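In what follows, a structure is listed as structure tokens, so that the remarks can point back to it.
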Amino acid sequence: MLRLRHIVVAVGVTWLLALLVGGPAMATSAAMPAATSAGPSAGASLVSSGGLVAAQEEADQGVRGMLRDGEGEPIPDVTLTVSDSAGDEVGQATTDADGQWMIPVPEPGTYTILLDEGTLPEGAELQDPERNPLEVQVTSGRVAPAVFQLGEEEEGRQQIQAFLRSVANGIKFGLIIAMTAVGLSLVFSTTRLINFAHGDLVATGALLAWFFNVGLANMGGPSIHLIPASIITIVLVALLGAGLERGLFRPLRQRRLGIFQLLIITIGVGLAIRHVLLLFFGGSPRTYRDFVGQEAVQMGPVSLTPRDMTIMGLSVLLLGGVAMMLQRTRMGKSIRAVADNPALASASGIDVDRVILTVWILGAGLAATGGIFFGSAVSADWFMGFRLLLLMFAAVILGGIGTAYGAMAGGLVIGLVTELSVLWFPPELKFMWALLALIVVLLVRPQGILGRRERVG
């Protein structure tokens, strides 16, 4: 019998081998979105003043930062120069009275930032002179942080701070993965369908929200704030999920197509959605208009923007709401009954088709929500769902196949392993360690963290 864990482990092993053989270039292209999302984990504490915000609004993308000494005091009048990959100077800036600086760049790409150590005040020096000049990857519409750490600091304290920052970023990334993985798990548990198009629903949600927030204004229409744009997007993607179930997969199930045939159809649906997104939105990363350039809130060694804290808080509330729905409501109990035994649930008077339709609507809505959160924290593009798909499958299997709570737990584990791995290994390999953690857990506990053993007759 074809099992979800067998498929994902096989695909994961193939992906890992390709990653290791393909070298750093391939790894960088695969891991770039999540690596960008971990910007604050590099130790940045970026606070935007009025002048910097104005400069950021004038430029589509750029580089910025803030210089402070070992006691946290700002360092003004320090010169920084930005050069492109060809070595040509792009711009120069001097830190202001708050130690802040910002340099616009003409286009996305890799840039080198050189700090003129001769302009540092007496007694101030870089903690790591080898990181000057510093390379920064700038994506479309984003102002990337460039962090130069000054002053001497105890090695043990540095390691603790880096660890806590990685934990915070891992929880944020893990909650987003958990959000998207719950819908995938619910669809599989009620229909036994391995939905390879689920990741493309995530990308659809992210890009539709960008269209309502930014794209309409670019076409001469109104610009909708990200919050109502997100609500409209979630409703539309939920309707898309309902359409896929009602117009495609239910008729195919009634024709008694096998699981393998349905799996191939989901791959085709995913390819179709993915390339429609590429056709309409192009291949460049897209960023939202709202909630950018926010002032970071420092909480001990961890700095998070209000946007990041909102994403984490809403993710916890939504996941908690799904858990309460599954436990307390009539529909939630029906979903669990259909997941356990569809034939017995139907014989008990439960409308199985209605339950499955509800699961598709809920799963697509959660996928769109996770896509919007990821697009707000990083950026949105047509291929993002496929990049995250294997991590969603890993979260479902790691937590335990057939349980939504397992998908939540698995998502958090995947997020933490992914972000903590960069403390010891190159960030280009961060996804590799998450999939290796999946393989190790399955060797020790094949049913997953919260899964149950099944007797196969």
Side-chain angles (χ1 to χ4, degrees), residues 33-34 36-37 60 139-142 175-184 187 195-248 266 268-292 307 310-311 314-315 318 357 359-389 391-392:
T36 307
S37 69
D60 290 334
T139 56
S140 177
R142 287 279 177 176
L175 286 171
I176 293 175
I177 293 295
M179 176 86 61
T180 57
V182 166
L184 185 65
V187 170
N195 184 13
F196 276 84
H198 192 78
D200 298 289
L201 295 179
V202 175
T204 301
L207 286 173
L208 276 181
W210 175 86
F211 174 74
F212 291 122
N213 183 236
V214 179
L216 273 178
N218 294 341
M219 298 169 60
S223 175
I224 304 175
H225 191 274
L226 184 58
I227 293 177
S230 300
I231 295 173
I232 296 171
T233 297
I234 292 169
V235 171
L236 291 177
V237 177
L239 291 176
L240 174 61
L244 289 174
E245 157 59 17
R246 190 67 183 86
L248 180 62
T266 64
V269 171
L271 285 170
I273 295 175
R274 199 175 313 145
H275 287 86
V276 167
L277 295 177
L278 176 62
L279 178 64
F280 281 95
F281 297 100
S284 301
R286 307 292 182 175
T287 54
Y288 302 140
R289 189 185 303 277
D290 301 305
F291 308 115
V292 296
R307 177 197 63 216
T310 301
I311 289 173
L314 288 177
S315 298
L318 288 172
L357 180 62
V359 165
W360 269 92
I361 294 173
L362 178 62
L366 289 172
T369 305
I372 295 168
F373 286 169
F374 190 82
S376 179
V378 189
S379 63
D381 66 88
W382 70 285
F383 206 66
M384 60 178 283
F386 186 74
R387 282 192 296 262
L388 296 175
L389 181 62
L391 295 181
M392 297 179 218

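Note that the structure is predicted; figures quoted are calculated from it, not measured.
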Quiz prompt | Spacing of CE belonging to Met384 relative to CG belonging to Asp200, to within rounding of 0.5 Å | solution = 10.5 Å

Quiz item: Looking only at heavy atoms, which two atoms of Gly199 and Leu389 are closest? And how far apart?
Solution: N-CD1, 3.7 Å

Quiz prompt | Side chains of Ser223 and Arg289 in contact at under 4.5 Å (non-hydrogen atoms) | solution = yes

Exercise. Mind running side-chain contact (heavy atoms from CB on, under 4.5 Å) on Val187 and His198 for me, showing each step along the way?
Key: CA-CA 10 Å; Val187 170; His198 192 78; 5.6 Å; no

Practice problem: State the CG-OG1 distance between Leu271 and Thr266, to the nearest 0.5 angstrom. | Solution: 9.5 Å

Quiz item: How many angstroms lie between CD1 in Ile177 and CG in Leu184, if you round to the nearest 0.5 Å?
Solution: 11.0 Å

Practice problem: State, yes or no, whether a side-chain contact exists between Ile311 and Leu175 at a heavy-atom distance under 4.5 Å. | Solution: no

Quiz item: Going from CG on Leu201 to CG on Leu208, what distance comes out if it is rounded to the nearest 0.5 angstrom?
Solution: 10.5 Å

Self-check item: Steps toward side-chain contact (heavy atoms from CB on, under 4.5 Å) verdict (Thr287, Val214)
Solution: CA-CA 8 Å; Thr287 54; Val214 179; over 6 Å; no

Quiz item: Should Phe281 and Trp210 count as side-chain neighbours, where that means a heavy-atom distance under 4.5 Å?
Solution: yes

Exercise. Taking the side chain as every heavy atom from C-beta outward, state whether Met179 and Leu318 have any pair of such atoms under 4.5 Å apart.
Key: yes

Quiz item: Run the side-chain contact (heavy atoms from CB on, under 4.5 Å) check on Phe212 and Leu236 step by step: do they pass?
Solution: CA-CA 12 Å; Phe212 291 122; Leu236 291 177; 3.7 Å; yes

Quiz item: Hey, are the side chains of Asn213 and Ile224 touching, using non-hydrogen atoms and a 4.5 Å cut-off?
Solution: no

Quiz item: Is a side-chain donor or acceptor of Ser376 paired with a backbone partner of Ile372 at a separation under 3.5 angstrom?
Solution: no

Quiz prompt | Shortest non-hydrogen separation from Leu277 to Ala203 and the atoms involved | solution = CD1-CB, 3.8 Å

Exercise. Spell out, as yes or no, whether a donor-acceptor pair under 3.5 Å connects the side chain of Thr369 to the backbone of Gly365.
Key: yes

Self-check item: Short side-chain to backbone donor-acceptor contact, Thr233 and Ala209, under 3.5 Å
Solution: yes

Self-check item: Closest non-hydrogen atom pair between Pro285 and Ser379, with its separation
Solution: CB-OG, 3.6 Å

Practice problem: Taking the side chain as every heavy atom from C-beta outward, state whether Leu391 and Thr180 have any pair of such atoms under 4.5 Å apart. | Solution: no

Quiz item: Short question: side chain of Tyr288, backbone of Ala206 - any donor-acceptor pair under 3.5 Å?
Solution: yes

Quiz item: Would you call Phe373 and Val202 a side-chain contact if the rule is heavy atoms closer than 4.5 Å?
Solution: no

Self-check item: Exceeds 12 heavy-atom contacts within 6.0 angstrom, atom CZ of Phe386
Solution: no

Exercise. Taking the six-membered ring for Trp and the full ring for Phe, Tyr or His, determine whether the centres of His225 and Phe291 are under 6.0 Å apart.
Key: yes

Quiz item: Is any side-chain heavy atom of Arg387 closer than 4.5 Å to a side-chain heavy atom of Asp381?
Solution: yes

Quiz item: How long is the gap from CG on Leu244 to CG on Leu239, to the nearest 0.5 Å?
Solution: 11.0 Å

Quiz item: Looking at CE of Met392 and CG of Asn195, how far apart are the two atoms once the value is rounded to the nearest 0.5 Å?
Solution: 10.0 Å

Quiz prompt | Closest contact, heavy atoms only, Gly241 versus Ala364 | solution = CA-CB, 3.9 Å

Exercise. Under the side-chain contact (heavy atoms from CB on, under 4.5 Å) rule, what do Thr204 and Trp382 come out as? Steps first, then yes or no, please.
Key: CA-CA 8 Å; Thr204 301; Trp382 70 285; over 6 Å; no

Practice problem: Please name all residues satisfying ring pair (Phe, Tyr, Trp, His ring centres under 6.0 Å) with Phe211, sequence neighbours left out, ordered by chain then number. | Solution: none

